[in-house]
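Structure, as structure tokens:
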Amino acid sequence: MAEIQDGGGGGHKGGKKRAKKQSTRVDMTPMVDLAFLLLTFFVLTATFSKPKSMELTFPAPPEKLDDSPPIKNGITFLLSKDDRIFYYEGEFKPTDDPVKGPKTTLAELSFAQGGSNGLHKYLLEKNKAMQDQIKALDDRHQKKQMADTTFKRMVREVKADKSSFTYLIKTDDKATYKNVIDVIDELNINVVGKYVMVDIMKPELDLVNEKVGAN
């Protein structure tokens, strides 16, 4: 607010009337008060961004290695350096077994989109039956033929079906976090319901080292 002060003029000298002097000083106090009030308001009402985290499921470690349950319908991804990803299906067999079958060998996939051995294409083919079931449920849900709660419950049941694959993600000490996140993203895109991260076994690590080299 501008402050107007009398400058002591107004006297008469020589019969002439002198103009009054006015101060041009502006009082900034109200504006500063308002600025601090606004600043306090925004600080108290602002919502700070929270760090985002990804939920990962880790199985409880068995008391003994021999207590590890056999993997049924399991597919194991093994991640290593240079963005390389290998996999094998079923139970790991370190040696040829007349009952269980031949020794486990690793096949390789690629993170590249559109390739013949791409991870996305592989998961799409492996989970096609489950995705078709979920799509059929989604069509019924979109047509209002089932309630939201029923739709969500049935989708969970389809994902948890015992016949669907369980994916195990294992890494050596040269794999990158980015590759792990890429695998999890692809699993989520392909609506995979069962996947876990577990430690790599020594025989598996030896196979990976044969592929990529120990160094």
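All heavy atoms count here, side chains included; hydrogens, waters and symmetry mates do not.
For the pair F86 and L79, the minimum side-chain heavy-atom distance is 4.5 Å or more. Between H120 and N190 there is a side-chain heavy-atom pair separated by less than 4.5 Å. Using a 4.5 Å heavy-atom threshold, the side chains of F111 and V183 count as touching. For the pair L124/Q131, a side-chain contact is recorded, criterion being any heavy-atom separation below 4.5 Å from C-beta on. Within the 4.5 Å cutoff, the side chain of L137 has heavy atoms near those of the F151 side chain.
In this structure, D139 does not pair ionically with K143, as no charged nitrogen and carboxylate oxygen lie closer than 4.0 Å. R84 and E108 are joined by a salt bridge, as a carboxylate oxygen and a charged side-chain nitrogen come within less than 4.0 angstrom of each other. Checked for salt-bridge contact, K128 and D132 meet the test: a charged N lies under 4.0 Å from a carboxylate O.
Smallest separation of non-hydrogen atoms from K159 and S164: O-OG, 3.4 Å. Of all non-hydrogen atoms in I85 and S110, the two that sit nearest each other are CG2-N, 4.2 Å. Nearest heavy atom pair, residue V192 against residue N127, reads CG2-ND2, 3.7 Å. When all heavy atoms are compared, the tightest approach of Y167 to K126 is OH-CB, 3.5 Å. Between Y88 and K170, the closest heavy-atom pair is OH-NZ, 4.3 Å. The shortest non-hydrogen separation linking V191 to M130 is O-CE, 3.0 Å.
Under the 4.5 Å side-chain heavy-atom criterion for grouping Ile, Leu, Val, Met, Phe, Trp and Tyr, Y177 is not connected to F77 through any hydrophobic cluster. Both L109 and I184 are members of a single hydrophobic cluster when ILVMFWY side chains are connected at heavy-atom separations under 4.5 Å.
In this structure, CD1 in I200 is found 11.5 Å from CG in L168, a value given to the nearest 0.5 Å. Annotation: the span from K211 atom NZ to L207 atom CG amounts to 8.5 Å, rounded to 0.5 Å. Note that CE of M154 is 11.0 Å distant from CD1 of I134, once rounded to the nearest 0.5 Å. The OG1 atom of T105 sits 9.0 Å away from atom NZ of K93, with the distance rounded to the nearest 0.5 Å. Of the inter-residue distances, the one linking L78 atom CG with T76 atom OG1 reads 6.5 Å to the nearest 0.5 angstrom. Atom CD1 in I75 sits 7.5 Å away from atom CG in L123 (nearest 0.5 Å).
In terms of modelled atom types and a separation under 3.5 Å, the side chain of T45 and the main chain of F41 share a donor-acceptor contact. Within the 3.5 Å criterion, the main-chain N or O of F92 finds no donor-acceptor partner in the side chain of K103. Side-chain N or O atoms of T166 include none that pairs as donor or acceptor with a backbone N or O of G74 at under 3.5 Å. In this structure a side-chain-to-backbone donor-acceptor pair under 3.5 Å is present from D27 to T29.
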>> Determine whether T176 and N179 satisfy the following criterion, side-chain hydrogen bond (donor to acceptor under 3.5 Å, both in side chains), listing intermediate values before the conclusion.
In response: CA-CA 5 Å; T176 63; N179 290 156; 3.1 Å; yes
>> Set out, in order, the CA-CA distance, both residues' side-chain angles and the distance that settles side-chain contact (heavy atoms from CB on, under 4.5 Å) for D83 and D182, then state yes or no.
In response: CA-CA 10 Å; D83 300 334; D182 288 343; over 6 Å; no
> Are M197 and V180 close enough, and set up right, to give a side-chain contact (heavy atoms from CB on, under 4.5 Å), and what steps lead you there?
Replying inline: CA-CA 9 Å; M197 289 193 66; V180 176; 3.9 Å; yes
> Checking ring pair (Phe, Tyr, Trp, His ring centres under 6.0 Å) for the pair Y122/Y87: CA distance, chi angles, key distance, verdict?
Replying inline: CA-CA 11 Å; Y122 175 79; Y87 76 96; 4.6 Å; yes
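Counting heavy-atom neighbours within 6.0 Å of D199 CG, excluding the residue itself, gives a total of 12 or less.
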